[in-house]
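Written below as structure tokens is the structure these notes are about.
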Amino acid sequence: EAKRRGKGMWIGYADEMGARVSAEAGLIRQLDQAVELGQFTLVYQPIMRLADDRLTGVESLIRWNHPDLGVLSPVDFIPIAERTGQIVAIGRWVLREACRQGAAWMAEAPDETPLQVGVNVAGPQLRDPNLVADVAEVLAETGLPPGSLVIEVTETAVVDDEESQRTMEALRALGVKLALDDFGTAASSLGLLLTCPVNSLKLDRSFVESITTVSRQGAVANAVSQMAAALEFGSVAEGIETEEQRDLVRLLGYEYGQGFFYSRPVAPERISELREYGLAPASS
Ligand code: C2E
Ligand code: MG
Ligand code: MG
Ligand code: MG
């Protein structure tokens, strides 16, 4: 009896594995066509200057309107696309769309300081020899000033990779800004900060989540803020969900903040409204 159940369980497990593998194979096939079928959209999360709670920038975040599965989060398909290399084509679409939108916001409010537009770039994109030329071309085509584009890279994508470092230098030479995303999570050495040509650090939200004046997370958040200032990097605290967290990261000297406390990622029209009317609740 136990043996039979054991065997059944094993078969069940194998079936489940098989199902997962073929579901992923299906997703990979569908990912190939998703750009041309217009299934991707970008939402934008406000980035606020903590000193005065003013909107100064946004981060673009991809969503996939999947024909059968509904709206998929990037965590469900970006890691797959990174493994298959499909991220390069998807990333090219993201870059163009975010820059086009950034230029459109500028045209809407020509007298205002342009919003900084963040675009996430994954490791395989950074190692794509065409990235720098693509970025230059998209900037020229859309008219977005290079200094309004912030390319977000993660520590894991740039650690010990000379080619990626050179690509980052070339992006900087175009006038594009670079941010080190999810800072503090990867097993990188602080020595990375000596050579990595970034303009700002984005403290990972895991530190903000349990930030208090006495927690270890708070101590690390404080140290990162001090270090960013000493190295003349900008600093952004991610994942601010409460007023207390906002107050504390502000106190620790973070310059910018981002998180559900201010706003979830929203459609581009909502960003236009936020610029015009401020951060009052959408419903009236
Ligand atoms: P990320 O670049 O670190 O983006 C921040 C993520 O944190 C977003 O998740 C955002 O919705 C979420 N977030 C923001 N504020 C809060 C908060 O207060 N609380 C919580 N719990 N979460 C918050 P999202 O949109 O699901 O994106 C997940 C990741 O997928 C991104 O992390 C990024 O690594 C990747 N990703 C998203 N869009 C793109 C893209 O266009 N290209 C590439 N290569 N990667 C992307
Ligand atoms: Mg990011
Ligand atoms: Mg992040
Ligand atoms: Mg992340």
Side-chain angles (χ1 to χ4, degrees), residues 31 34-35 39-48 57-65 71-102 116-128 131 134-135 138 149-158 164 177-186 198-211 221 224 234-246 248-249 254 256-268 270-271 279:
L31 269 177
V35 169
Q39 291 172 346
F40 292 121
T41 54
L42 293 181
V43 287
Y44 298 86
Q45 187 174 36
I47 298 178
M48 315 295 289
V58 295
E59 176 176 7
S60 63
L61 295 158
I62 195 169
R63 301 290 181 263
W64 183 9
N65 299 311
V71 180
L72 293 185
S73 144
V75 295
D76 295 325
F77 64 90
I78 291 291
I80 299 175
E82 286 187 25
R83 281 202 302 278
T84 60
Q86 289 165 306
I87 191 65
V88 172
I90 296 170
R92 217 175 273 135
W93 177 85
V94 170
L95 181 71
R96 183 166 307 255
E97 176 58 18
C99 291
R100 187 201 59 71
Q101 184 59 60
Q116 299 278 101
V117 180
V119 172
N120 290 288
V121 165
Q125 296 177 264
L126 213 51
R127 288 185 290 275
D128 168 22
L131 179 70
D134 284 348
V135 170
V138 167
L149 176 63
V150 184
I151 291 190
E152 298 193 3
V153 296
T154 61
E155 289 170 272
T156 21
V158 299
S164 297
K177 302 271 178 13
L178 295 173
L180 202 49
D181 203 358
D182 302 343
F183 185 74
T185 49
V198 292
N199 302 87
S200 57
L201 304 181
K202 296 188 79 173
L203 178 72
D204 189 70
R205 73 160 184 268
S206 56
F207 297 99
V208 176
E209 200 171 22
S210 18
I211 196 170
V224 170
S235 52
V236 186
E238 293 189 297
I240 301 172
E241 294 186 353
T242 68
E243 190 168 8
E244 291 70 29
Q245 291 168 348
R246 192 275 314 266
L248 201 44
V249 294
Y254 282 87
Y256 300 95
Q258 176 182 358
F260 296 169
F261 170 69
Y262 288 115
S263 169
R264 292 192 173 251
V266 293
R270 183 81 188 110
I271 296 293
L279 257 178

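Whatever order the structure lists them in is the order used to number ligands and atoms, beginning at 1. Starting from 1, each residue takes its place in the sequence as its number.
Between Asn120 and Ile78 the shortest side-chain heavy-atom distance does not fall below 4.5 Å. Under the 4.5 Å side-chain criterion, counting only non-hydrogen atoms from C-beta, Arg63 is in contact with Leu61.
If you number the atoms of ligand 1 from 1 as listed, the ones under 4.0 Å from a heavy atom of Ile87 come out as 44 (N). Within ligand 1, counting atoms from 1 as listed, the ones closer than 4.0 Å to a heavy atom of Pro74 are 24 (P), 25 (O), 26 (O), 27 (O), 28 (C), 30 (O), 36 (N), 37 (C). Listed by atom number, the atoms of ligand 1 under 4.0 Å from Glu241 heavy atoms are 17 (C), 18 (O), 19 (N), 20 (C), 21 (N). Atoms of ligand 1 found under 4.0 Å from any heavy atom of Val94 (numbered from 1 in listed order, with element): 41 (O). Within the listing of ligand 1, atoms 15 (N), 18 (O) sit less than 4.0 angstrom from a heavy atom of Gly259.
One finds an angle of 90° at the Mg ion (ligand 3) between OE2 on Glu238 and OD1 on Asp181, to the nearest 10 degrees.
Exactly one residue among Glu59, Met48, Gln258 makes a side-chain contact (heavy atoms from CB on, under 4.5 Å) with Val236. That residue is Gln258. A side-chain contact (heavy atoms from CB on, under 4.5 Å) with Asp182 is found for one member of Glu238, Lys202, Glu155 and no other, namely Glu238. The only option from Val94, Val58, Val117 that meets the side-chain contact (heavy atoms from CB on, under 4.5 Å) definition with Leu42 turns out to be Val94.
Atom CD of Glu241 sits about 6.5 Å away from atom CD of Glu209, to the nearest 0.5 Å. Residue Leu248 holds its CG atom at 9.0 Å from OG1 of Thr242, rounded to the nearest 0.5 Å.
The Mg ion (ligand 2) has an N, O or S atom of Asn120 under 2.8 Å away, backbone or side chain.
In this structure, Arg63 has a heavy atom closer than 4.0 Å to ligand 1. Contact analysis puts Gln125 in contact with ligand 1, with a non-hydrogen atom separation below 4.0 angstrom. Residue contact check for ligand 1: Gly239 places a non-hydrogen atom closer than 4.0 Å to it. Heavy-atom separations between Gln45 and ligand 1 include at least one value shorter than 4.0 Å. Using a 4.0 Å heavy-atom cutoff, Glu238 is listed among the residues neighbouring ligand 1. In this structure, Glu59 has a heavy atom closer than 4.0 Å to ligand 1.
Within the 4.0 Å heavy-atom criterion, neither part of Arg264 lies near ligand 1. Residue-level proximity to ligand 1 for Asp182 is carried by the side chain, the only part with a heavy atom below 4.0 angstrom. Contact annotation for Asp181 and ligand 1: only side-chain heavy atoms (C-beta onward) come within less than 4.0 Å of the ligand.
Enclosure of atom CZ in Arg83 by more than 12 non-hydrogen atoms of other residues, nucleotides or ligands within 6.0 angstrom is indicated.
The atom name of the N/O/S atom in Glu152 closest to the Mg ion (ligand 2) is OE1. Sorting the N, O or S atoms of Glu59 by how far they are from the Mg ion (ligand 2) puts OE2 first. Within Asp182, OD1 is the N, O or S atom that lies nearest to the Mg ion (ligand 3).
Tyr254 places a side-chain N or O within 3.5 Å of a backbone atom of Ala221 that can act as its donor or acceptor partner.
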Go through it in stages, so that I can follow the logic: the residues are Ser235 and Val224, the test is side chain to side chain contact (heavy atoms under 4.5 Å, CB included), and I'd like the CA-CA distance, side-chain angles, deciding distance and then a yes or no.
CA-CA 9 Å; Ser235 52; Val224 170; over 6 Å; no
Run the numbers on Leu180 and Val153 for side chain to side chain contact (heavy atoms under 4.5 Å, CB included), then give the verdict.
CA-CA 5 Å; Leu180 202 49; Val153 296; 4.1 Å; yes
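Under the 30°/60° scheme for interplanar angles, the aromatic rings of Phe77 and Trp64 are found to stand perpendicular.
For a threshold of 3.5 Å applied to N or O pairs, the pair formed by Leu61 and ligand 1 contains no separation below that value.
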